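In this text, all values refer to a predicted model and were calculated from it rather than measured experimentally.
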Amino acid sequence: AKAGTPTMGGVLILIGVLLLVLKFADFGPVGQWSWWIVLAPFAGAAIWWAWADASGEELLRDRTLCNRAAIALELGCGAAHVPALRALLVRTSDPENTYLAAYTIARHYELQKDHRKGLFYAQLARDRAAALDENRQAASLNYIANFLVAESRFDEAIAVYAEALALLPSRDSLRGAVIGYNLGYCNVLTGRSRDGLGLLYASLRSLLRRGAAVHAMKARLDLAFALL
C-alpha cells in the first residue's frame, strides 16, 4: 500500500459503515438494497486482511494492524491491539506506519482519559509526521493541544493550536475549521473572548458549508458556552 493512503481493508470498512447508515436511514436506493449487498464490504475487508496477513509483506501487515486497531477502538474493543502497536513502534522505522500506530495509541489513552500517556503518544505521532506531510503534522499538533486542554494547560494549548493552523495551506478546510473551533474555545476560556468568538463563528460557517454535522454540533456547543 502506498504511504499516505489507507489500505483497501480500511476503505472497504468505511464504505460498509456508510452503506449501513444509509440503509438504516432508508435513504435513497440504498434503503431498498438487500442486506447481503450492504454487508458485502465488511466481508471484503475480512478477505483483504486475511490476504495481507498471509502475504508476508511487513509494511502491508503493519498498515493492516493499524487500521484494525483504529476501527476496533471506535467500536470499544481496541485495547487488545495496543501491545502490538507498541511493538510496531519499536521494530520498524517506516514513518507512515509508526505515525498511525502512535496516533492510534494516543486515541486509546484519550478514551481511557489517561491524558499524560495520551500526550506522550501524540507527541510521538507528531515526530513521525515530520517525515510525511503538513496535514498529519497539523492533526498531531491538534491532538497534543487537546491533551493539554484536558490538563488545563490552556496557554500551551493555544500556542500548539496556532502552530497547527499555520501548517495548513488554508484555514478554510475541514481540519482547519476543527482546529479553529478548538483554538476559539481556548481563547474564550482564557479571557480572549473577541478572538475566540471570531474563530468559533468562522469555523461554524465553514463546517456548515461542508455539511459536517457532527463537528458543527461541537462548534455550536463551544459557541453556546462562549456566549454564556
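- Separating the NZ atom in Lys218 from the CG atom in Asn182 is a distance of 8.5 Å, to the nearest 0.5 Å.
- Residue Leu73 is not grouped with residue Leu75 when hydrophobic side chains (ILVMFWY) are merged at heavy-atom distances under 4.5 angstrom, including chains of intermediate members.
- Under the 4.5 Å side-chain heavy-atom criterion for Ile, Leu, Val, Met, Phe, Trp and Tyr, Val188 and Leu223 are members of the same hydrophobic cluster.
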| request: Start with the C-alpha distance between Leu197 and Leu227, add both sets of side-chain angles, then the distance that settles side chain to side chain contact (heavy atoms under 4.5 Å, CB included), and finish with yes or no. | output: CA-CA 8 Å; Leu197 286 170; Leu227 293 171; 3.9 Å; yes
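- Summarising the local packing, CZ of Phe154 is surrounded by more than 12 heavy atoms from other residues, nucleotides or ligands at distances under 6.0 Å.
- Aromatic ring centroids of Tyr99 and Tyr103 lie under 6.0 Å apart.
- Annotation: side chain of Leu199 is not in contact with side chain of Tyr181 (no heavy-atom distance under 4.5 Å).
- Distance check: Glu134 CD to Leu141 CG gives 11.5 Å after rounding to the nearest 0.5 Å.
- Contact annotation: the side chain of Leu89 approaches that of Ile105 to within less than 4.5 Å [non-hydrogen atoms, C-beta and beyond].
- Side-chain contact check for Tyr121 and His108: no donor-acceptor pair (N or O, by modelled atom type) lies under 3.5 Å.
- Taking all atoms of both residues into account, the shortest heavy-atom contact from His81 to Ala69 is CB-CB, 3.6 Å.
- Under a hydrophobic clustering in which Ile, Leu, Val, Met, Phe, Trp and Tyr are joined whenever their side-chain heavy atoms come within less than 4.5 Å, directly or via other members, Leu221 and Phe225 fall into different clusters.
- Between Glu96 and Arg136 a salt bridge is recorded (basic side-chain N to carboxylate O distance below 4.0 Å).
- Between Ser140 and Ala129, the shortest heavy-atom contact is OG-CB, 4.1 Å.
- A distance-only check finds no donor-acceptor pair linking the side chain of Ser203 to the backbone of Leu200 [under 3.5 Å].
- Hydrophobic clustering (ILVMFWY, side-chain heavy atoms < 4.5 Å, transitive): Tyr109 and Leu85 are in one cluster.
- Inter-residue side-chain proximity for Arg86 and Val90 is flagged as unmet; no heavy-atom pair is nearer than 4.5 Å.
- Closest approach of Leu207 to Ala219, counting heavy atoms only: CD1-CB, 4.0 Å.
- Considering CD of Glu163 and CG of Leu167, their distance stands at 6.0 Å, rounded to 0.5 Å.
- Crowding of Arg116 atom CZ: a count of heavy atoms from other residues, nucleotides or ligands under 6.0 Å not exceeding 12.
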| task | Would you please test Tyr143 and Leu119 for side chain to side chain contact (heavy atoms under 4.5 Å, CB included) and show each step? | result | CA-CA 8 Å; Tyr143 224 164; Leu119 177 59; over 6 Å; no
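- Asp155 has a carboxylate O that lies under 4.0 Å from a charged side-chain N of Arg192, or vice versa, which qualifies the two as a salt bridge.
- Across all their heavy atoms, Asn97 and Leu88 have their closest contact at O-CD2, 3.7 Å.
- Within the 4.5 Å cutoff, the side chain of Arg68 has heavy atoms near those of the Thr64 side chain.
- Here the side chains of Gln137 and Leu132 are not in contact, with every heavy-atom distance at 4.5 Å or above.
- Side-chain contact between Val160 and Asn142 is absent, with no heavy-atom pair separated by less than 4.5 Å.
- Nearest approach of Ala102 to Ala125, heavy atoms of both residues: CB-N, 3.7 Å.
- Side-chain contact between Tyr161 and Val149 is present, with heavy atoms from C-beta onward closer than 4.5 Å.
- Looking at Glu74 and Arg107, a side-chain N of the basic residue comes within less than 4.0 Å of a carboxylate O on the acidic one, giving a salt bridge.
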| request: Please lay out, stage by stage, how Asn135 and Ser173 fare under the test side chain to side chain contact (heavy atoms under 4.5 Å, CB included). | output: CA-CA 11 Å; Asn135 272 320; Ser173 62; over 6 Å; no
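- Residue pairs satisfying the side-chain hydrogen bond (donor to acceptor under 3.5 Å, both in side chains) criterion with at least one member in residues 205-214, sequence neighbours excluded, are listed as follows: Asp172-Ser206, Asp172-Arg209, Asp172-Arg210, Ser206-Arg210.
- Annotation: Trp36, atom CH2; neighbour count of heavy atoms from other residues, nucleotides and ligands within 6.0 Å does not exceed 12.
- Among Arg153, Gln123, His115, the single residue meeting the side chain to side chain contact (heavy atoms under 4.5 Å, CB included) criterion with Phe147 is His115.
- In this structure, Asp94 and Asp62 have side chains that are not in contact, with every pair of non-hydrogen atoms separated by 4.5 Å or more.
- Between His215 atom NE2 and Leu204 atom CG the span is 13.0 Å, to the nearest 0.5 Å.
- When all heavy atoms of Leu174 and Ala212 are compared, the pair lying nearest together is CD1-CB, 3.9 Å.
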